[in-house]
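One structure is given here, and the rest of the page talks about it.
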Amino acid sequence: MQTVQRQSISDELRDRFESAKSVLVLTGAGVSAESGVPTFRGGGNSAVWKGMPFDLISSARMVERDLPRVWEWFDYRRTLLQPLEPNPAHKEIARWEKLFQQFTLVTQNIDGLHQKAGSGGVIELHGNIWRARCVSCHARYEILAGERRADECVGCGDRLRPDVVLFGEILPRGVFELAAESAQECELCIVIGTSGIVYPAASLPEIAKAAGAFLCEVNSELTAVSELCDEVLTGKAGEILPMLTT
Ligand code: BV8
(Lines give C-alpha, C1' and ligand atoms only; values in the text may rest on other atoms or scores of the structure.)
Protein backbone atom coordinates (compact mmCIF):
# COMPACT_ATOMS: atom_id res chain seq x y z
CA MET A 1 0.00 0.00 0.00
CA GLN A 2 1.43 3.40 -1.07
CA THR A 3 2.21 5.49 2.08
CA VAL A 4 0.43 8.86 1.87
CA GLN A 5 2.79 11.64 3.02
CA ARG A 6 1.08 14.68 4.57
CA GLN A 7 2.40 18.10 5.58
CA SER A 8 -0.76 19.02 7.50
CA ILE A 9 -2.57 17.36 10.41
CA SER A 10 -5.71 15.38 9.43
CA ASP A 11 -8.95 15.95 11.35
CA GLU A 12 -8.75 12.34 12.52
CA LEU A 13 -5.31 12.81 14.07
CA ARG A 14 -6.35 16.13 15.63
CA ASP A 15 -9.42 14.47 17.18
CA ARG A 16 -7.41 11.57 18.48
CA PHE A 17 -4.75 13.94 19.86
CA GLU A 18 -7.43 15.95 21.65
CA SER A 19 -9.33 12.94 23.01
CA ALA A 20 -6.52 10.49 23.84
CA LYS A 21 -6.00 9.56 27.51
CA SER A 22 -2.84 7.53 26.98
CA VAL A 23 -0.07 8.62 24.58
CA LEU A 24 3.37 7.18 23.82
CA VAL A 25 6.05 9.24 22.06
CA LEU A 26 9.19 7.52 20.71
CA THR A 27 12.05 9.74 19.52
CA GLY A 28 15.33 9.25 17.70
CA ALA A 29 18.24 11.38 16.52
CA GLY A 30 16.02 13.36 14.14
CA VAL A 31 14.32 15.18 17.04
CA SER A 32 17.72 16.65 17.98
CA ALA A 33 18.82 17.42 14.41
CA GLU A 34 17.46 21.00 14.54
CA SER A 35 19.57 21.57 17.68
CA GLY A 36 22.67 20.74 15.62
CA VAL A 37 23.17 17.16 16.84
CA PRO A 38 24.41 15.04 13.90
CA THR A 39 22.12 12.09 13.09
CA PHE A 40 23.52 8.59 12.45
CA ARG A 41 21.86 7.95 9.12
CA GLY A 42 20.48 10.44 6.69
CA GLY A 43 21.24 10.99 3.08
CA GLY A 44 21.75 7.21 2.75
CA ASN A 45 25.10 6.81 4.52
CA SER A 46 25.75 6.17 8.21
CA ALA A 47 28.07 8.03 10.55
CA VAL A 48 31.75 7.13 10.48
CA TRP A 49 34.36 8.28 13.01
CA LYS A 50 38.07 8.11 12.26
CA GLY A 51 37.28 5.51 9.58
CA MET A 52 35.12 3.37 11.87
CA PRO A 53 31.35 2.98 11.32
CA PHE A 54 29.51 4.24 14.42
CA ASP A 55 27.91 0.87 15.18
CA LEU A 56 31.45 -0.58 15.46
CA ILE A 57 32.99 2.12 17.67
CA SER A 58 29.73 2.08 19.69
CA SER A 59 29.87 -1.68 20.30
CA ALA A 60 30.43 -3.99 23.28
CA ARG A 61 33.37 -5.54 21.40
CA MET A 62 35.18 -2.16 21.28
CA VAL A 63 34.80 -1.68 25.05
CA GLU A 64 36.55 -5.01 25.60
CA ARG A 65 39.15 -4.36 22.91
CA ASP A 66 39.92 -0.62 23.28
CA LEU A 67 38.03 1.31 25.98
CA PRO A 68 40.25 4.45 25.61
CA ARG A 69 39.20 4.73 21.95
CA VAL A 70 35.52 4.36 22.92
CA TRP A 71 36.01 7.17 25.44
CA GLU A 72 37.65 9.33 22.74
CA TRP A 73 34.47 8.94 20.60
CA PHE A 74 32.10 9.81 23.45
CA ASP A 75 34.33 12.66 24.75
CA TYR A 76 34.26 14.10 21.22
CA ARG A 77 30.45 13.85 21.06
CA ARG A 78 30.07 15.52 24.51
CA THR A 79 32.16 18.49 23.33
CA LEU A 80 29.85 18.74 20.29
CA LEU A 81 26.74 18.50 22.46
CA GLN A 82 27.78 20.85 25.26
CA PRO A 83 26.76 24.21 23.64
CA LEU A 84 23.60 22.81 22.04
CA GLU A 85 20.11 23.69 23.25
CA PRO A 86 16.69 21.99 22.92
CA ASN A 87 14.74 22.99 19.79
CA PRO A 88 10.98 23.62 19.29
CA ALA A 89 10.38 19.87 18.88
CA HIS A 90 11.82 19.09 22.34
CA LYS A 91 9.91 22.02 23.87
CA GLU A 92 6.60 20.99 22.28
CA ILE A 93 6.97 17.40 23.54
CA ALA A 94 7.70 18.74 27.05
CA ARG A 95 4.41 20.68 26.87
CA TRP A 96 2.46 17.56 25.84
CA GLU A 97 3.34 15.88 29.15
CA LYS A 98 0.64 17.89 30.93
CA LEU A 99 -2.06 17.36 28.27
CA PHE A 100 -2.72 13.64 28.83
CA GLN A 101 -3.69 11.40 31.76
CA GLN A 102 -0.96 8.92 30.76
CA PHE A 103 2.00 10.32 28.77
CA THR A 104 5.17 8.30 28.17
CA LEU A 105 8.27 9.70 26.44
CA VAL A 106 10.71 7.05 25.27
CA THR A 107 13.95 8.12 23.57
CA GLN A 108 16.84 6.41 21.85
CA ASN A 109 18.85 9.62 22.24
CA ILE A 110 21.62 9.83 24.79
CA ASP A 111 21.97 13.65 24.52
CA GLY A 112 19.73 14.62 27.47
CA LEU A 113 18.03 17.39 25.44
CA HIS A 114 14.49 16.20 26.31
CA GLN A 115 15.26 16.66 30.00
CA LYS A 116 16.91 20.04 29.26
CA ALA A 117 13.62 21.07 27.57
CA GLY A 118 11.72 20.23 30.78
CA SER A 119 10.50 16.69 30.07
CA GLY A 120 10.30 14.53 33.21
CA GLY A 121 10.31 10.73 33.56
CA VAL A 122 12.04 10.28 30.20
CA ILE A 123 12.66 6.57 29.46
CA GLU A 124 16.23 6.54 28.06
CA LEU A 125 16.45 3.22 26.22
CA HIS A 126 20.13 3.62 25.33
CA GLY A 127 21.49 5.44 28.38
CA ASN A 128 22.94 8.95 28.65
CA ILE A 129 26.24 10.44 27.41
CA TRP A 130 26.51 12.64 30.56
CA ARG A 131 26.99 9.57 32.78
CA ALA A 132 29.76 7.01 33.33
CA ARG A 133 29.49 3.63 35.02
CA CYS A 134 31.96 1.23 36.60
CA VAL A 135 32.63 -1.87 34.47
CA SER A 136 32.51 -4.13 37.53
CA CYS A 137 30.44 -2.65 40.41
CA HIS A 138 28.21 -0.64 37.98
CA ALA A 139 28.34 2.47 40.20
CA ARG A 140 27.15 5.46 38.15
CA TYR A 141 28.80 8.88 37.98
CA GLU A 142 27.57 12.13 36.41
CA ILE A 143 29.94 13.75 33.89
CA LEU A 144 29.80 17.54 34.18
CA ALA A 145 30.11 19.64 31.04
CA GLY A 146 33.55 21.20 30.65
CA GLU A 147 35.02 19.16 33.54
CA ARG A 148 37.58 16.38 33.22
CA ARG A 149 35.83 13.08 33.66
CA ALA A 150 37.12 10.40 36.05
CA ASP A 151 38.65 7.19 34.66
CA GLU A 152 38.37 5.05 37.75
CA CYS A 153 35.59 4.05 40.14
CA VAL A 154 36.17 5.61 43.57
CA GLY A 155 34.27 2.65 45.05
CA CYS A 156 36.18 -0.36 43.69
CA GLY A 157 38.94 1.29 41.65
CA ASP A 158 37.98 -0.46 38.40
CA ARG A 159 37.64 1.40 35.07
CA LEU A 160 34.69 3.57 34.15
CA ARG A 161 32.92 3.28 30.79
CA PRO A 162 30.20 5.43 29.12
CA ASP A 163 26.78 4.69 30.68
CA VAL A 164 25.23 4.05 27.29
CA VAL A 165 23.89 0.84 25.69
CA LEU A 166 26.28 -0.24 22.96
CA PHE A 167 25.52 -2.51 20.02
CA GLY A 168 25.46 -6.13 21.17
CA GLU A 169 24.51 -5.10 24.71
CA ILE A 170 21.15 -5.66 26.32
CA LEU A 171 19.16 -2.66 27.51
CA PRO A 172 19.16 -1.77 31.25
CA ARG A 173 16.94 -4.17 33.24
CA GLY A 174 13.27 -3.24 33.10
CA VAL A 175 13.70 -0.18 30.88
CA PHE A 176 12.47 -1.81 27.65
CA GLU A 177 9.74 -3.64 29.54
CA LEU A 178 8.43 -0.31 30.91
CA ALA A 179 8.36 1.18 27.40
CA ALA A 180 6.72 -1.94 25.94
CA GLU A 181 4.02 -1.79 28.63
CA SER A 182 3.20 1.81 27.66
CA ALA A 183 3.18 0.79 23.98
CA GLN A 184 0.70 -1.97 24.83
CA GLU A 185 -1.64 0.46 26.62
CA CYS A 186 -1.46 3.66 24.53
CA GLU A 187 -4.29 4.84 22.24
CA LEU A 188 -1.96 7.13 20.26
CA CYS A 189 1.71 6.45 19.45
CA ILE A 190 3.75 9.22 17.80
CA VAL A 191 7.15 8.21 16.35
CA ILE A 192 9.44 11.19 15.77
CA GLY A 193 12.80 11.40 13.97
CA THR A 194 13.86 7.79 13.95
CA SER A 195 14.85 5.56 11.01
CA GLY A 196 13.30 2.63 12.91
CA ILE A 197 16.21 0.28 12.20
CA VAL A 198 17.70 -0.37 15.64
CA TYR A 199 16.08 -3.09 17.79
CA PRO A 200 14.51 -3.60 20.25
CA ALA A 201 13.56 0.14 20.14
CA ALA A 202 12.08 -0.28 16.65
CA SER A 203 9.66 -2.94 17.91
CA LEU A 204 7.78 -0.39 20.09
CA PRO A 205 5.65 1.05 17.23
CA GLU A 206 4.90 -2.54 16.18
CA ILE A 207 3.73 -3.38 19.73
CA ALA A 208 1.56 -0.23 19.88
CA LYS A 209 0.00 -0.89 16.47
CA ALA A 210 -0.68 -4.56 17.27
CA ALA A 211 -2.41 -3.43 20.49
CA GLY A 212 -4.77 -1.16 18.47
CA ALA A 213 -3.11 2.23 18.87
CA PHE A 214 -3.33 4.93 16.16
CA LEU A 215 0.25 5.14 14.86
CA CYS A 216 1.60 8.45 13.54
CA GLU A 217 5.10 9.20 12.24
CA VAL A 218 6.83 12.59 11.99
CA ASN A 219 10.02 12.41 9.92
CA SER A 220 11.70 14.37 7.15
CA GLU A 221 11.66 11.23 5.00
CA LEU A 222 9.96 7.82 4.75
CA THR A 223 11.39 5.16 7.07
CA ALA A 224 11.11 1.49 7.97
CA VAL A 225 8.14 2.45 10.20
CA SER A 226 6.14 4.47 7.61
CA GLU A 227 4.08 1.69 6.04
CA LEU A 228 2.90 0.54 9.47
CA CYS A 229 1.52 4.03 10.22
CA ASP A 230 -2.06 5.34 10.08
CA GLU A 231 -0.68 8.83 9.37
CA VAL A 232 2.73 9.92 8.04
CA LEU A 233 3.71 13.59 8.47
CA THR A 234 6.73 14.46 6.35
CA GLY A 235 8.85 17.44 7.39
CA LYS A 236 10.95 18.85 10.22
CA ALA A 237 9.79 17.87 13.72
CA GLY A 238 10.38 21.42 15.00
CA GLU A 239 7.90 22.75 12.41
CA ILE A 240 5.30 19.95 12.45
CA LEU A 241 4.88 19.16 16.17
CA PRO A 242 3.60 22.64 17.19
CA MET A 243 0.84 22.21 14.55
CA LEU A 244 -0.77 19.57 16.79
CA THR A 245 -1.63 22.13 19.47
CA THR A 246 -2.41 25.18 17.30
C1 BV8 B 1 20.45 -5.87 21.78
C2 BV8 B 1 23.84 4.41 22.06
C3 BV8 B 1 20.36 -8.03 22.82
C4 BV8 B 1 25.25 4.46 21.64
C5 BV8 B 1 22.68 3.05 20.39
C6 BV8 B 1 16.96 -7.63 15.38
C7 BV8 B 1 17.17 -7.48 14.05
C8 BV8 B 1 18.41 -6.98 13.60
C9 BV8 B 1 19.44 -6.63 14.48
C10 BV8 B 1 19.22 -6.77 15.79
C11 BV8 B 1 18.01 -7.29 16.24
N12 BV8 B 1 18.07 -7.32 17.58
C13 BV8 B 1 19.29 -6.85 17.99
C14 BV8 B 1 20.00 -6.51 16.91
C15 BV8 B 1 21.30 -5.95 16.93
C16 BV8 B 1 21.28 -4.41 17.12
C17 BV8 B 1 20.56 -3.70 16.01
O18 BV8 B 1 19.41 -3.34 16.11
N19 BV8 B 1 21.31 -3.48 14.93
C20 BV8 B 1 20.75 -2.68 13.80
C21 BV8 B 1 21.85 -1.79 13.27
C22 BV8 B 1 20.22 -3.57 12.74
N23 BV8 B 1 20.67 -4.05 18.40
C24 BV8 B 1 21.45 -4.10 19.50
O25 BV8 B 1 22.61 -4.44 19.51
C26 BV8 B 1 20.76 -3.70 20.80
N27 BV8 B 1 21.03 -4.67 21.82
O28 BV8 B 1 19.69 -6.19 20.91
O29 BV8 B 1 20.83 -6.69 22.84
C30 BV8 B 1 21.30 -8.73 21.95
C31 BV8 B 1 22.60 -8.78 22.39
C32 BV8 B 1 23.48 -9.49 21.57
C33 BV8 B 1 23.09 -9.98 20.30
C34 BV8 B 1 21.76 -9.85 19.91
C35 BV8 B 1 20.85 -9.21 20.74
C36 BV8 B 1 21.34 -2.37 21.33
C37 BV8 B 1 21.05 -1.25 20.40
C38 BV8 B 1 21.46 0.09 21.03
C39 BV8 B 1 22.78 0.58 20.48
N40 BV8 B 1 23.08 1.93 20.97
N41 BV8 B 1 22.96 4.27 20.90
C42 BV8 B 1 25.56 5.65 20.74
O43 BV8 B 1 24.74 6.56 20.66
O44 BV8 B 1 26.65 5.66 20.18
S45 BV8 B 1 21.74 2.92 18.95
C46 BV8 B 1 21.80 4.53 18.24
O47 BV8 B 1 21.57 4.32 16.87
C48 BV8 B 1 20.69 5.47 18.69
O49 BV8 B 1 20.45 5.38 20.06
C50 BV8 B 1 19.51 5.00 17.84
O51 BV8 B 1 18.86 3.90 18.43
C52 BV8 B 1 20.20 4.53 16.58
C53 BV8 B 1 20.14 5.60 15.52
O54 BV8 B 1 18.84 5.58 15.02
P55 BV8 B 1 17.96 6.93 14.99
O56 BV8 B 1 17.94 7.57 16.32
O57 BV8 B 1 16.69 6.55 14.35
O58 BV8 B 1 18.84 7.91 14.08
P59 BV8 B 1 19.09 7.81 12.49
O60 BV8 B 1 20.20 8.74 12.21
O61 BV8 B 1 19.19 6.39 12.05
O62 BV8 B 1 17.75 8.40 11.84
C63 BV8 B 1 17.41 9.74 12.06
C64 BV8 B 1 16.03 9.91 11.44
O65 BV8 B 1 15.60 11.25 11.70
C66 BV8 B 1 16.02 9.71 9.92
O67 BV8 B 1 14.91 8.90 9.57
C68 BV8 B 1 15.87 11.14 9.37
O69 BV8 B 1 15.09 11.15 8.18
C70 BV8 B 1 15.11 11.83 10.50
N71 BV8 B 1 15.30 13.27 10.61
C72 BV8 B 1 16.45 13.98 10.41
N73 BV8 B 1 16.22 15.30 10.68
C74 BV8 B 1 14.91 15.41 11.07
C75 BV8 B 1 14.33 14.11 11.03
N76 BV8 B 1 13.04 13.88 11.36
C77 BV8 B 1 12.28 14.97 11.75
N78 BV8 B 1 12.79 16.24 11.84
C79 BV8 B 1 14.09 16.50 11.50
N80 BV8 B 1 14.54 17.76 11.57
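Hydrogens, waters and symmetry mates play no part in the numbers below; they use all other heavy atoms, side chains included. Just so you know, ligand 1 is whichever comes first in the structure, and atom 1 is the first atom listed for that ligand. By convention here, the first residue in the shown sequence is residue 1.
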side-chain contact (heavy atoms from CB on, under 4.5 Å) assessment of S32 paired with H90: CA-CA 8 Å; S32 294; H90 296 111; 3.1 Å; yes
task: Determine, for W49 and R77, whether the Lys NZ or Arg CZ falls below 6.0 Å from the six-membered ring centre while staying within 45 degrees of the axis.
output: no
- prompt: Hey, which atoms in ligand 1 end up nearer than 4.0 Å to a heavy atom of A29?
  reply: 55 (P), 56 (O), 58 (O)
query: Is D55 in polar range of ligand 1, meaning some N or O pair under 3.5 Å apart?
result: no
field: Nitrogen or oxygen atoms of I110 and ligand 1 under 3.5 Å apart
entry: no
statement: Taking only non-hydrogen atoms of F54 and a 4.0 Å limit, the atoms of ligand 1 in range are 47 (O)
task: Using a strict cut-off of 4.0 Å, indicate which atoms of ligand 1 neighbour a heavy atom of G28.
output: 56 (O)
field: E152 side chain to G157 backbone, donor-acceptor under 3.5 Å
entry: no
field: Sub-4.0 Å atoms of ligand 1 with respect to non-hydrogen atoms of E221
entry: 69 (O)
message: Test your reading of the structure: does N109 have an N or O sitting under 3.5 Å from an N or O of ligand 1?
response: no
task: Run the salt-bridge test on E124 and R131 with the 4.0 Å N-O cut-off and return the result as yes or no.
output: yes
- prompt: Evaluating non-hydrogen atoms only, which member of V164, V191, V165 is closest to atom 2 (C) of ligand 1?
  reply: V165
- prompt: Is A201 near ligand 1, meaning one of its heavy atoms is under 4.0 Å from it?
  reply: no
- request: Report the part of E34 in contact with ligand 1, treating N, CA, C, O as backbone and CB onward as side chain, heavy atoms under 4.0 Å; options are side chain, backbone, both, neither.
  value: side chain
Lys/Arg-Asp/Glu bridge criterion (N-O < 4.0 Å) met for R14, D11: no
Sub-4.0 Å atoms of ligand 1 with respect to non-hydrogen atoms of G193: 63 (C), 64 (C), 65 (O), 76 (N)
statement: Among W73, W49, Y199, F176, closest by heavy atom to atom 12 (N) of ligand 1 is Y199
query: If you measure from each heavy atom of S59 to ligand 1, is any distance below 4.0 Å?
result: no
- line: Counting from 1 in the order shown, the ligand 1 atoms closer than 4.0 Å to a non-hydrogen atom of Q108 are 48 (C), 49 (O), 50 (C), 51 (O)
message: Is the contact between E217 and ligand 1 made by the side chain, the backbone, both, or neither, using heavy atoms and a 4.0 Å cut-off?
response: neither
Criterion side-chain contact (heavy atoms from CB on, under 4.5 Å) on T194 and T223, from CA distance to verdict: CA-CA 8 Å; T194 181; T223 74; over 6 Å; no
query: Is it true that V164 and L178 fall in one hydrophobic cluster, defined by side-chain heavy atoms closer than 4.5 Å?
result: no
field: The single option from L244, V25, L233 passing side-chain contact (heavy atoms from CB on, under 4.5 Å) against V218
entry: L233
field: R69 charged N/C atom sitting above W73 aromatic ring, 6.0 Å / 45°
entry: no
task: Decide if the gap between the ring center of F17 and the ring center of W96 is smaller than 6.0 angstrom.
output: yes
query: Any nitrogen or oxygen of A237, main chain or side chain, under 3.5 Å from a nitrogen or oxygen of ligand 1?
result: yes
task: Establish whether I9 and I93 are linked, either directly or via other cluster members, by ILVMFWY side-chain heavy-atom contacts under 4.5 Å.
output: yes
- line: In ligand 1, the atoms that come under 4.0 Å of a heavy atom of A33 are 73 (N)
message: With heavy-atom distances below 4.0 Å as the criterion, list the atoms of ligand 1 near T223.
response: 67 (O)
